[in-house]
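Order of the sequence lines fixes the chain letters, A, B, ..., with proteins taken first and strands second; residue numbering starts at 1 for each chain. We use all heavy atoms of the structure for the numbers below, so side chains are in, but hydrogens, waters and symmetry mates are not.
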Amino acid sequence: MSTISKKICLIGDFGVGKTSLIRRFIDRQFSDRYLSTVGVKISRKIIEQPELGRSGKRELQLLMWDIEGSTKFKSIAPSYLQGAKGAIIVGDVTRQETLIAMPDHARNFLAINPQGSVTLALNKSDLVEAEKLPRLLQLVQVPHEARILATYTTSAKSGQDVDRIFQTLADNLLEQHELPV
Amino acid sequence: MAQLEDTSAAPAAFSKPVEAPIERFLDLLADLQIMPRPKDLEQNTDGEKVPPQSPQQFEYADRTADVAEVSPDITQAVEFSSPPDASLSTVEFSLLPDANATVDRASDASVIEILEFFESLAAPQSALPDVEKMFVDTNCAPIRPLNPPILGDSEQKRLESKPELGGWGASAKLHANLQTLSEANIENLDDRPSLDYRLISDSVENSGSAIVLSATAPNSLTPSASDDPTVAVEHLIELLQELLLGSELAEVRESTLVLERKLEILQHQIYEPEELLNLLMPIIANLLSRKVEVSRDEICQTLVPIIDEVIQKSIKRDGHAMSMALASVIPAAISQQIREAPAEIAKAIAPEMGAAIKQQIVLERDAMVDALYPVIGDTISKYLAEAIRAINEKVANTLSMEGIQRKIRAKVQGVSEAELIFREAMPFTIQAIFLIHKSSGLVIAEVQRSDGQQLESEMVAGMLTAIRSFANDCIVQPGHTSELAEIDYSNSKIILEVAGYCYLAVVAQGELPQRLIAKIRQALGQIIQRYSSPIESFDGDPDTIPESLHPILRHLMEEGQPNSPTAAKSSYGALVSIGLVALGLILIPWGIYQYRYGADRRLETQVAMALASAPDLAFYPITPKVNQKTLKLTGQVPNEHLRQRAAQVATMNTPGLTLNNRVVAMEMSQDQSQAAAEVRRIAAIMNQMTGVAISTRYTAGRVTVEGTVSRMVDATRITQSLEQVPGVRSVSSTLKFQPFRIETRFYFNIASAEIVPLDRGYKIQQIKSFLDQNPEKSLQIIGHSSPASSPLETQTIALQRARTVEATLLKLGVDPLRLKVSGTTDLPTGVEVAHPLWLSRCVEFVPIAIANQSPSKMPK
Ligand SMILES: Nc1nc2c(ncn2[C@@H]2O[C@H](COP(=O)(O)OP(=O)(O)OP(=O)(O)O)[C@@H](O)[C@H]2O)c(=O)[nH]1
Ligand SMILES: [Mg+2]
């Protein structure tokens, strides 16, 4: 048994909760304090995949590149995205402009990694009423994009759908890996 | 530009005669979009349309719209009043506020309104005579259509170039209403457009206020005009007449003046802060006290913005009391803040930390050292102790095997031995090697030291990759390809060796020797050569990388380990024998060389002696040179016979050597006098050199040289040059070596040029005898003064000092031509700034050769 490593990126505008999602996923913790990420922060987590894999490879090591959020003045450095197999594009449901930016982030990522897989996270779902969410979901529709696996409303605070979004991506990465080249 | 094109198009329109002035007027109104153009009037008699406003005008209006919100009005007004042809323009457009006028005062709306009122009175007044004339002329003068108004170039520029217009604000309204419109229109009827549109800035200058462009007009005009044009014109005329004949004009003017004065006083009170304060003071205090009673909250809110000032003031007034009041809360406040926002506190005090620590060290050095010692003292002393011990060892065995080895290495590598010692004292260790996928930052292969702390390879690799990307994106300039090669942190470093799809990161401690860096490159080269395709397609699965790649890294790792003590001991014997062999290899050839060299030299001396003792050859410079098995003779002799003779003498003394006779036989039948002249010439040249004073004698191929030189090399050079003169067979020299310096110096008192009595006898005599002994020398007498010891120490005094010495020498009968004087405030030779000042108050002597050497001066 050996461990396969994959690089994934968390992309989105500043302050949407990328770092918080990773923290929730790895440490099961959340903090209200906002410490903006500078450059890149890399975290890793090993995901057991007992049911998957023909060749007995059952461990996936996710290397998560938490990339500093884009601002009006600074976009995301493309070289940080290179070599990633997957991405979680994050938006903040309380800031509409961050949701509108999500399809762009997805396109940028896929331009650099055409074989990559993408999931979308509408984060901070704990801050809006549940009935508003469907409308917000519409904002981030990326038409006919086969590489977009799923869209979730997540909350780093409550933990809603956090594991699920990472798991969906991880499953897909392993699937892709197992595919005969 | 566009404006100019317009002008060229306009005249055609001007010249069109138009019958009905009223129609024209209506057209005008329509053009200005103030009222709809009646359909039947849309075309004039020629069937030609009145040129509509050109796009350029709109453009212009747009532009000015940025300048101020009132600008569209200005534009309109300008259009109306512009004469048809820019060249006819006498219209003055002092639209702009006086340069000195403070524009912001215009924001006082009431002031402006009053002014506007004045304006409205004044403007028509000045325009009246012309208006009258125009009416008279209306019947006979050809009526001109309103053309697209053209701004005179200068006006336009002024309008555009004065963004201060914005300062007029909303209050400075420019009413381009019907009145202006009508005036302008009327004016257009006239050949001499002379409507004075100067804005009356003089009258309001004192109040420093702005100017309003136009007069206010009765509102009634607009609707009636649009209803019935004829009525409008009649109305207009009525109005004008009313204004013209108005008897109250004088009264109005008077009241204007009164108002103005009052206004001034008011303004003064408002704008002079002192005056205003005086007015308000009593009320405010009252107000405040009442307000506090009524609503504390509100007062709080109003005070918040100035509370800091209040605190500052009260600190100034009674700092002590303030400190007392605050003292008790400060510690609690700080700890609270540290708990809540440690970063902020850190940020606030960080800049001062350095200074504070320094201060503390000054105050209580020992306490500070004690406080820090546990943290850094230990580390440093341990580190230093280790380093020093290592260096001691290295120095101790300088003469050992290792020492010799190092000497050789130092030579070979071109670095100092000390550096090598230092490098050896600071051993390097490779801690880990990673082969990293360049784009994803995933680890392809790795080795780490088993004993050390294990690095999280994936994290290290990821971060390194990110740093590389960052450096390439942000630091490397576009178009340049450079690579991050090394990351240094304290004693450790990471060396990055980058290839196409991967790079090697070597984490090492200490100074990595060049040899190892070469090894790293070599290893990477090997890896790429063999495994480039699995590396390129690496996708995080280590199994896709062939097992055979790993030994390359492991091997590199081993190369990078320091020789552990045990390893060194076991290999000591080997080292010694290797060293001995190396030494032998070096020493044996060297010994042989030394031996041979010695033998050769011996043979050479032998031959030279033989040649010198052969009477016929003794005068000729023949040099024997022995190299292994050949004897080479070089030199000059006067004839072939002597050349053969030299060969004979040489071979006799060195049997077994091959002779290479390079002696040249030169006919020396030159004129003797020619040779003598050449010898003199050379002597003269030589005498130009400092310290050289020689004389020569030539007789029948022999030269005798006498005199002194200050440098030994000069003596050799002189002899050599003379020997080379054709016709000179031998040179005998009795040259004396005399270093040419006169140490004697005269020292002076401050600001004095008098030789101290003690120096008058012995010292002067020394100089005199030097001149006597060296008749071919002159003396440069250099006076020095020392401005540092007194302002009186000038260059003049320096020169005077030299002169005094000169005079004393002259009295002793020295040829004045042999003495030169100069004075300087520079330091004397050998004296430095740090030396006592009296050393600089002196006269020094520099012997110089007499430039023009005449035979009379040559000693016989
Ligand atoms: N209520 C709520 N707050 C959240 C959630 N996720 C993040 N936050 C808060 O949003 C702020 C920003 O979160 P980060 O995770 O630092 O955002 P980021 O995207 O990493 O920001 P950058 O690194 O600057 O790009 C923090 O104050 C978090 O506490 C969430 O799901 N719900
Ligand atoms: Mg972050």
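- Heavy atoms only, all atoms of each residue included: A:T3 and B:P542 are closest at O-CD, 3.2 Å.
- Contact of A:L63 with chain B is made through the side chain alone, with heavy-atom distances under 4.5 Å.
- Heavy atoms from other residues, nucleotides or ligands lying under 6.0 Å from CZ of A:R135 number 12 at most.
- More than 12 heavy atoms of other residues, nucleotides or ligands shown are found within 6.0 angstrom of CZ on A:F30.
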Let's go through A:K6 and B:L442 carefully: what are the C-alpha distance in whole Å and the side-chain angles of both, what is the deciding distance for side chain to side chain contact (heavy atoms under 4.5 Å, CB included) to 0.1 Å, and is it a yes or a no?
CA-CA 8 Å; A:K6 296 285 178 193; B:L442 298 175; 5.8 Å; no

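- The heavy-atom pair separating A:K7 from B:S440 by the smallest distance is CD-O, 3.2 Å.
- Smallest separation of non-hydrogen atoms from B:M463 and A:V40: CE-O, 3.5 Å.
- Annotation for B:A466 and A:Y80: closest pair O-CE2, 3.6 Å, computed over non-hydrogen atoms.
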